[in-house]
Amino acid sequence: MKQRAPWQRTHTCGELTLAHRDQDVVLNGWIENHRHHGQLIFLDLRDRYGVTQVVVDQDGPGTAAGTFESVRRLGAEDVVAVHGRVRARDADKVNKNRTTGAIELFATQVTVLSEAETPPFEVLDKAEANEELRMQYRYLDLRRRPLQEALGKRARFVTAIRNFLAGRGFLDIETPILTKSTPEGARDYLVPSRVHPGRFFALPQSPQIFKQLCMVAGLDRYYQIARCFRDEDLRADRQPEFTQIDLEMSFVEEHDVLDLVEAMVVHGMREGFGIELPQPFPRFDFEQAMERYGCDKPDLRFDMTLVDCTELARTSDFKVFRAAVELGGVVKGICAKGAAEKFSRKGIDELTAFVGGLGAKGLAWAKVTAAGLEGSIAKFYEGDRGRLLCERMEAEPGDLLLFVADQKKVVNKALGDLRLKVGGQLGLRDPAVFRCCWVLNFPMFEWNDEKARWQFAHNPFSAPVDWDIGDFGVDTANIRSRAYDFVMNGWELGSGSIRIHRRELQARVFEFLGITPEQQRANFGFLLDAYKYGGPPHGGIALGVDRLVALALGREGIRDVIAFPKTSMAYDLMADAPSGVSPEQMAELQIASTAKKTP
RNA sequence: GGGGGCGUAGCUCAAUUGGUUAGAGUACCGGACUGUCGAUCCGGUGGUUGCGGGUUCGAUUCCCGUCGCCCUCGCCA
């Protein structure tokens, strides 16, 4: 039989019920609250599993001498062991808000395991404290239910993912944290090398190249819950270090990866959060997503798709529409079902200002009534013209129509964002509803105005849709890559591709982007070399765990699902990191700081 | 790097047009109380108004600078 010290718990603070009545038990936990009634004291004892009420009666049967006096001095967050007997409460004294509310622990002896100073903020779920303080004393904030629940479900989710992938033959393989800096992409976090003075490791922005080398190695199926590091400015959904479900498979095409990841996400969401995702996830071509939703990460919780009305506008009496078409632009609209009454003139003015901020010159609108259209474009769409427009927009009386006319890029951006805004105002973006989709065939390259050259739209290892493409310089903007994004509720949660697996093609891509053979050798030589010795066709994906968990739990940002996050200035308020180091350490590494202020 | 918001008691917040001794709730400390569960009642401690400077007879309030936190644009292949 297992040894148990006298103070150690027999049960947790979440599990005692009427089934345990009259049993002698020991609980360990933190004092969450205490209520004194003269000769009677109530303690709420908390651990990860719940809260149980402890009663200490000065003259109670079996109450050890001195117990009451010592308990009287206890306060919030003291850590104690309570010996006692489980007692059923009278019917009128049951606390229905707690799973343990039907019983209480009648204490015979209370041992103080650790005394606590008054905490800087109250460790109660309902107590408010600003985030700065909560981050500084993260270990106290972590005692509270919102964070404990987030970390608990996150762990369940990750375990489910591991089980899923392990069950399908994936190997969990660790890749280096100390690795090589590469010029493209995000800024690297650097680590100086002592034994190679003047040289630096970089922390990985992702395990990308190593997982591809795993494929060259014939490991066939790789996965890793991988920490990634990027030294860029932060947002609510970005931390300097974050976690990805990273995986790669050999001898596969897009549908193999997508099918597997879809099943994995469904499994993880179910096991981790009890969320059932509707399947299959729709798959959109990049172009199709842009046309219908105005963006490459559609929020499918509601419809309100962008409808092209360019042909109808071509012959319109409305000069703004006709002029846009004549200049090679497009006219598109969205139909907000039943929204006519929900948007006043002022509300529509606000929408106009909103799209104005996105580059649109204006917002044409009409409310659909049984008698026809009302609104800014009504007089140009009387009678049949109006009927045709409504038909095109699939609009019925009570609907609100919103149109933007401009160059395609502007229209898609303006209407795409407007769709999200109006959808939000109409309550169509329910945080308890989850809709996923895939977006495929992204452009391979995009033009960088600033640098006046083409650059990777996704990553330099994504294969072009046409394996045997001759010249990347011809019709560059229309070359598609075999890249795909996983999207949930308008959040990009994953990104991957079928990779280039032949040295010659990879080298040509680099060359097209102006990376010289010397630079290729210096930065990616080991990957190019590896392909000399037989690289299998392969592809994979990386999913952002922090964002996925935050979304599933309806949290505002990913700090709420990370145990020890950093501030938006990439600072750890609890550990005080980064910090200065001694001159000796600097000297040993043969580095010097040029910072104006020394920490 | 740019824009915006915030900073007052341990915590959450208030303080009129720039004007008396900067208040309230809560926490904390002391007292009363044998059925509370956000206990209640009585009393008390607690302030570099983030920091530095300026304007003023007088600054929490206005101005300049600075630090920190949050949001956001750029950035994040």
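Letters go in sequence order (proteins before strands), and every chain restarts at 1. For the numbers below, each heavy atom of this structure counts, side chains included, while hydrogens, waters and symmetry mates do not. The structure displayed is predicted, hence computed values, not measured ones.
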With a non-hydrogen cut-off below 4.0 angstrom, is [X] in contact with a base, only sugar-phosphate, or nothing?
X	value
A:Gln39	base
A:Asp59	base
A:Pro120	sugar-phosphate
A:Arg238	base
A:Arg559	sugar-phosphate
A:Gln53	base
A:Ile41	nothing
A:Arg187	nothing
A:Glu104	base

Where the side chain of [X] is defined as all heavy atoms beyond and including C-beta, which of [options] is the nearest nucleotide?
X	options	value
A:Thr118	B:A27, B:G35, B:G68	B:A27
A:Asp233	B:G74, B:C37, B:C76	B:G74
A:Asn459	B:U36, B:A77, B:C69	B:A77
A:Phe42	B:U36, B:U72, B:A27	B:U36

Task: Set of salt bridge (Lys or Arg N to Asp or Glu O under 4.0 Å) partners for A:Arg419, sequence neighbours left out - done: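 If we apply the salt bridge (Lys or Arg N to Asp or Glu O under 4.0 Å) test to A:Arg419, skipping adjacent residues, there are no hits.
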
Taking atom types as they are modelled, would you say the side chain of [X] forms a donor-acceptor pair with the base of [N] within the 3.5 Å cutoff?
X	N	value
A:Asn33	B:G38	no
A:Arg87	B:G35	yes
A:Arg35	B:G38	no

In whole Å, I'd like the distance from the [atom1] atom of [X] to the [atom2] atom of [N].
X	N	atom1	atom2	result
A:Phe354	B:C73	CZ	C1'	14 Å
A:Gln244	B:C76	CD	P	16 Å
A:Leu133	B:G7	CG	P	16 Å
A:Tyr571	B:C70	OH	P	13 Å
A:His37	B:C41	NE2	C1'	12 Å
A:Leu74	B:A27	CG	P	17 Å
A:Asp572	B:G68	CG	P	15 Å
A:Glu132	B:C71	CD	C1'	15 Å

Using the [atom1] atom in both, what is the distance from [N] to [M], to the nearest Å?
N	M	atom1	result
B:C75	B:U61	P	39 Å
B:G7	B:A77	C1'	39 Å
B:G5	B:A22	C1'	24 Å
B:G18	B:C62	P	7 Å
B:U21	B:G10	P	22 Å
B:C69	B:A15	P	27 Å
B:C57	B:C67	P	32 Å
B:A59	B:C64	C1'	15 Å

Can you check whether [X] has a side-chain N or O nearer than 4.0 Å to OP1 or OP2 of [N]?
X	N	answer
A:Asn130	B:U12	yes
A:Arg235	B:C73	yes
A:Ser568	B:C70	yes
A:Thr567	B:C69	yes
A:Arg134	B:C11	no

Taking the six-membered ring for Trp, is the centroid-to-centroid distance between [X] and [Y] below 6.0 Å?
X	Y	answer
A:Phe284	A:Trp438	no
A:Phe445	A:Phe472	yes
A:Phe229	A:Phe242	no

My understanding is that a pair needs two contacts under 3.5 Å, Watson-Crick or G-U wobble. By that rule, which nucleotide pairs with [N]?
N	value
B:G47	none
B:C62	B:G54
B:C6	B:G68
B:G25	B:C11
B:C41	B:G31

Open item on the list: Here's a test for you: under side-chain contact (heavy atoms from CB on, under 4.5 Å), which of A:Thr99, A:Thr12, A:Leu27 qualifies with A:Thr52?
Closed with: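 Answer to the side-chain contact (heavy atoms from CB on, under 4.5 Å) test with A:Thr52 among A:Thr99, A:Thr12, A:Leu27: A:Leu27.
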
Open item on the list: Quick check on RNA chain B: between A:Glu232 and A:Leu40, whose nearest nucleotide comes earlier from the 5' end?
Closed with: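 Mapping each residue to its closest nucleotide by heavy atoms, the 5'-most match is A:Leu40.
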
Task: Position toward the 5' end of RNA chain B (nearest nucleotide), A:Leu234 or A:Phe461 - done: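 Going by which nucleotide is closer to the 5' end, it is A:Leu234.
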
Task: Between CD on residue A:Gln39 and NE2 on residue A:His36, distance to nearest 0.5 Å - done: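 Output value for this atom pair is 13.5 Å.
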
Open item on the list: Minimum heavy-atom separation for A:Trp467 and A:Arg502, please, with both atom names.
Closed with: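 Taking every non-hydrogen atom into account, O-NH2, 3.9 Å.
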
TODO: Report yes if the ring of A:Phe121 lies under 5.5 Å from the six-membered base ring of B:C11 with planes under 30°, and no otherwise.
DONE: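 Not stacked by the 5.5 Å and 30° rule.
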
Distance-only donor-acceptor pairs under 3.5 Å for side chains of residues 59-66 of chain A, two or more places apart:
unit_1, atom_1, unit_2, atom_2, d
A:Thr63, OG1, A:Asp57, O, 3.1
A:Thr63, OG1, A:Gly60, O, 3.2

- [ ] For A:Gln58 and A:Leu40, indicate whether the former's side chain and the latter's backbone hold a donor-acceptor pair under 3.5 Å.
- [x]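 Here the side-chain-to-backbone pair does not exist.
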
